[in-house]
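Here's the structure, in C-alpha cells; my notes come after.
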There are 2 protein chains.
Amino acid sequence: MNEQDKLLKARDRFIDSMAKNMSLYGITHSVGRLYGLLYFSEKPMTLDEMKDELGMSKTSMSTAVRQLQELNMVEKVWKKGERKDLYQAADDWYESFSALFTTSWRTGISLNISTINKSLKELHALLENPETSDEVKASAELDIEKYQYALDYYDWLNRFVDSLESKEIFNHIPKKE
Amino acid sequence: MNEQDKLLKARDRFIDSMAKNMSLYGITHSVGRLYGLLYFSEKPMTLDEMKDELGMSKTSMSTAVRQLQELNMVEKVWKKGERKDLYQAADDWYESFSALFTTSWRTGISLNISTINKSLKELHALLENPETSDEVKASAELDIEKYQYALDYYDWLNRFVDSLESKEIFNHIPKKE
DNA sequence: TAATTTGTACAGTTAAAACTTTACGAACAA
DNA sequence: TTGTTCGTAAAGTTTTAACTGTACAAATTA
C-alpha cells in the first residue's frame, strides 16, 4: 500500500466511524458518509464526483445533499463558468449541532404543547360538568397533574433549545478547554 | 361519547403526539405509545395488559418494555403474590432525557475519538517517512487539521454530556421558571 | 432552431426494520 | 411428578425506508 492510500484509508476509517455516530441523530449512514467525503474534500464537489466516489446513484446524491443542506451541514457554492452545482461541507460543527436540534425539536415541542393545552381544556370542562361522575373526576384530576408536568418539561426543553440557538450554551460549556 | 371516553380520547391524542415526538430521539412510534400508556396508568401493568390495551403481540410488548428499561424510562416493579412482571413509567422526564443522551452518545464519542487518534498516528508516521512525496505530505497536513478540529468538537460534546449527566445543566437552565 | 447537459420527480426494486406466530425453557402449582 | 403459566428466542411475515433506473423539464450550447 502506498502512502497516498494510507491517507485515504485513514480518512475512510474515520468517515465510517463518524457516519455510524450520526445515525444517532437520525442521519443515515450513507448520508453521513457523503458528509465525510465533503468534509475532507479540498474543493467543492459536483453530484457526479460524489456518485463516482461513493459508488452510488446520482439521484441518491441529489437527495442526500439536499438533506444535508436542510440540516445546514452542506452549502451550495457558486463558481463562474461551472454549469454543475457545487457543494461543500459546512465547517462549523457547533453551528451544525445547534441547527440540527433546533430545527428538528422546535416543531415537535410546540405540537406537543398545543396538544396538551387542548386536552387540558377538555378535562377542565369535564370537571365543571355536573353530570361527570366522581370517579371520572378523580381520574381527570390525576391526568391534569400529568399534563401539567409534561407542560413544565416541554417548557424546559424549549429553554434548552433557546440556549443552543442563541449560542448561550457555549458560555456554560466553552468550546476550548 | 360519555365522560370517561372523553378523558381517554384526550389521553390518546397526547400520547400519539408524544410518541411522534419521540421518534426524533430514535424511539419507535409503537414504543412511544407504550410509554404513554404506562405514563397515564394509575398502577403498574403486566405484559398481557399492555398487549390488550395496544392490540399488539405480547412479544412486541416484551421487547418494547426492555428497550424502555434500557433507556431508564420504565422500571420493573415487585409486588408480592404477583407472578407476572409488572412495569411502570419512570416519572422523572429530566432524568430520562439525560440518560437517553448520556448512554447513547458516550459510546459513539469515544469510538470516534479513538478512531481519530489511530488515524492521526498514521498520518504523523507518514509525515516522518522520508519516502512520502511532498504532495501527500501537504494533504496529510490538511487532514491532521481536520482531525484536530473533530477532536476538539468531540471533547466539547463529551463535556456537554458531562453537564447532562451531572445535572449541572439544570443550574444553567433551571427546571422551573 | 435542435442537440446536450444537469438536477430531480416518479415508479420500481432492494434492503432493513417492525411486528407476529410458534416454540420452548424456567418458574411455579397441583 | 405432571401440568400450567410466563417471558422471550427464533423464524417467518409484513411494513417501511433506502436506493436505483428511467424519464423529463429547465437551462445551456451549437
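In the text below, chain A, chain B and the rest are named by the order of the sequence lines, each starting its count at 1. Values in this document were obtained by computation on a predicted structure and should not be read as measured data.
For C:dC19, neither phosphate oxygen OP1 nor OP2 lies less than 4.0 angstrom from any side-chain nitrogen or oxygen of B:Ser60. A:Lys58 has a side-chain polar atom (N or O) that falls below the 4.0 Å cut-off from OP1 or OP2 of C:dG7.
When the P atom of C:dT8 is taken as reference, atom CD of A:Glu70 falls 11 Å away, rounded to whole Å. Between B:Met45 atom CE and D:dC6 atom C1' there is a gap of 17 Å when expressed in whole angstrom units. As rounded to whole Å, 15 Å separates atom P of D:dC19 from atom CE of A:Met50. We find that CG of B:Asp52 is positioned 13 Å from P of C:dT20, with the value rounded to whole Å. Taking atom CE on B:Met56 and atom P on C:dT21, their separation rounds to 11 Å, with Å as the unit. For B:Lys84 and C:dC28, the NZ to P distance is 15 Å, given to the nearest whole Å. Across the protein-nucleic acid pair, A:Glu82 atom CD and C:dT6 atom C1' stand 11 Å apart, rounded to whole Å. Atom C1' of nucleotide D:dT8 and atom NZ of B:Lys51 are separated by 15 Å, given to the nearest angstrom.
How far CE of B:Met56 is from CG of B:Asp52: 13.0 Å, rounded to the nearest 0.5 Å. Of the inter-residue distances, the one linking A:Ile116 atom CD1 with A:Asp152 atom CG reads 9.5 Å to the nearest 0.5 angstrom. In this structure, the separation between CZ on A:Arg13 and NZ on A:Lys9 is 6.0 Å, given to the nearest 0.5 Å.
Residue side chain B:Thr59 reaches the base of C:dT21 through a donor-acceptor N/O pair under 3.5 Å, judged by distance alone. At a cut-off of 3.5 angstrom, counting only N and O atoms as typed in the model, there is a donor on one side and an acceptor on the other between the side-chain of B:Arg83 and the base of D:dT5.
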A:Asp16/A:Asp12 under side chain to side chain contact (heavy atoms under 4.5 Å, CB included): CA gap, chis, key distance, verdict: CA-CA 6 Å; A:Asp16 194 64; A:Asp12 278 348; over 6 Å; no
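Residues A:Met61 and B:Leu86 each lie close to DNA chain D; by heavy-atom proximity, the contact nearer the 5' end of the strand is made by B:Leu86.
Salt bridge status for B:Glu165 with B:Arg106: present, with a side-chain N to carboxylate O gap under 4.0 Å.
For DNA chain D, the neighbouring residues in residues 13-35 of chain A, judged by any heavy atom under 4.0 Å, are A:Thr28, A:Ser30.
Both the sub-6.0 Å distance and the 45° axial angle are not jointly satisfied by B:Lys76 relative to the ring of B:Tyr87.
Of the candidates C:dC19, D:dT20, C:dG7, the closest approach to any side-chain atom of A:Asp85 belongs to C:dG7.
With hydrophobic clusters built from ILVMFWY side chains whose heavy atoms lie under 4.5 angstrom apart, A:Leu68 does not share a cluster with A:Leu86.
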